[in-house]
Amino acid sequence: MILKYCNIKNIFETRTAGRLKIPYLGFHLISENDFKRLSIIKSCVKELRTFFPDTIPVLVTKEEDANKIIELINKIEFGAVQLHYSKSEDQISKLRGIFGDQIKIFQVITMDQNFQLNSDADLTILDKSFLGGTGKQIDLSSLTSFLDKISSNKI
């Protein structure tokens with residue numbers, strides 16, 4: 001199992017998670033409010049790289065323009081990206097072509113979509129919906145049935 005703490009908001013959460021050695025920290029750049037915190041996010045990522053190099057900062061985005069994603073990764077020095085929408089195959093392939101293995105790529109899928117696991121993605125996150133943060137869980141029997149149909153250890 002891999003742990004990723006998501007929607008880090010400030011330097012205090014960053015330091016706490018870093019001290020707890022959480023492997024991945026997700027920084028949302030989705031809404032207009034998220035982008036207003038761009039300098040804070042950049043400071044948090046710098047903090048991780050300086051003091052907690054084993055914790056990888058993750059860009060969590062719904063941006064579908066691969067060039068804009070690449071710009072954000074380079075500008076803030078994210079070590080991973082989570083594409084939080086369906087049909088992310090083209091973006092994943094382009095990111096892998098640009099960055100190779102220098103970044104981790106998370107593909108998000110839901111149980112109610114027709115999806116194809118992307119072999120270029122490092123990990124796949126199974127989420128209740130693409131909205132995120134709904135507080136609604138996937139019931140265990142549905143989850144078990146769904147996972148039985150998939151032959152991948154990357155979820």
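One is the number of the first residue; the rest follow in order along the sequence. All values below were derived from every heavy atom in this structure, side-chain atoms included, with hydrogens, water molecules and symmetry-related copies excluded.
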Distance, nearest 0.5 Å, that separates [atom1] of [X] from [atom2] of [Y]:
X    : Y   : atom1 : atom2 : result
I41  : N10 : CD1   : CG    : 11.0 Å
F106 : L59 : CZ    : CG    : 11.5 Å
I76  : S43 : CD1   : OG    : 10.0 Å
D90  : L95 : CG    : CG    : 11.0 Å
C6   : I22 : SG    : CD1   : 11.5 Å

* **With sequence neighbours excluded, residues passing side chain to side chain donor-acceptor pair (under 3.5 Å) with K75** =>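 Not a single residue meets the side chain to side chain donor-acceptor pair (under 3.5 Å) criterion with K75.
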
* To do: List in chain and number order the residues that pass side chain to side chain donor-acceptor pair (under 3.5 Å) with K4, two or more places apart in sequence or in another chain; answer none if no residue qualifies.
  =>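 Here the qualifying residues are Q82.
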
* Is any side-chain heavy atom of K46 closer than 4.5 Å to a side-chain heavy atom of E77? ->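 Result no, sub-4.5 Å side-chain heavy-atom pair not found.
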
* Within-4.5 Å side-chain heavy-atom neighbours: I69 and L83 ->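 A side-chain contact exists here, since the closest heavy-atom pair is under 4.5 Å.
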
Can you give me the closest heavy-atom contact between [X] and [Y], atom names plus distance?
X    : Y    : value
A121 : I92  : N-CG2, 3.8 Å
F78  : I103 : O-CG2, 4.0 Å
I56  : G79  : CG2-C, 3.6 Å

* In the single-linkage hydrophobic clustering (I, L, V, M, F, W, Y; side-chain heavy atoms under 4.5 Å), do L48 and L20 co-cluster? ->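 Shared cluster, yes.
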
* **Hydrophobic cluster identity match, I11 and L29, side-chain contacts under 4.5 Å** =>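 No: no chain of side-chain contacts under 4.5 Å links I11 to L29.
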
With sequence neighbours excluded, residues passing side-chain contact (heavy atoms from CB on, under 4.5 Å) with [X]:
X    : result
A66  : Q91, K94
E71  : none
D101 : R96

Donor-acceptor pairs are to be reported for all side-chain atoms of residues 33-40 against protein atoms at under 3.5 Å, with residues two or more places apart or in another chain.
| from | atom 1 | to | atom 2 | distance (Å) |
| --- | --- | --- | --- | --- |
| D34 | OD2 | I30 | N | 3.0 |
| D34 | OD2 | S31 | N | 2.9 |
| D34 | OD2 | S31 | OG | 3.3 |
| R37 | NH1 | K9 | O | 3.0 |

* Asked: Please, which pairs that meet salt bridge (Lys or Arg N to Asp or Glu O under 4.0 Å) have at least one residue in residues 14-25, sequence neighbours excluded?
  ->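 Salt bridge (Lys or Arg N to Asp or Glu O under 4.0 Å) check on residues 14-25 returns R15-E47.
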
* Step by step, work out the side-chain contact (heavy atoms from CB on, under 4.5 Å) result for V60 and H84. => CA-CA 7 Å; V60 178; H84 219 285; 4.3 Å; yes

* **Those residues that, when tested against F27, pass ring-ring contact (aromatic ring centres under 6.0 Å, His included) (two or more places apart)** =>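 Once residues adjacent in sequence are excluded, F27 has no partner under the ring-ring contact (aromatic ring centres under 6.0 Å, His included) criterion.
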
* Of all residues at least two apart in sequence or in a different chain, which pass the ring-ring contact (aromatic ring centres under 6.0 Å, His included) check with Y5? ->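 Here no residue qualifies.
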
* **Pairs satisfying side-chain hydrogen bond (donor to acceptor under 3.5 Å, both in side chains), at least one member in residues 50-60, at least two apart** =>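 Sorted result for residues 50-60: empty, none.
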
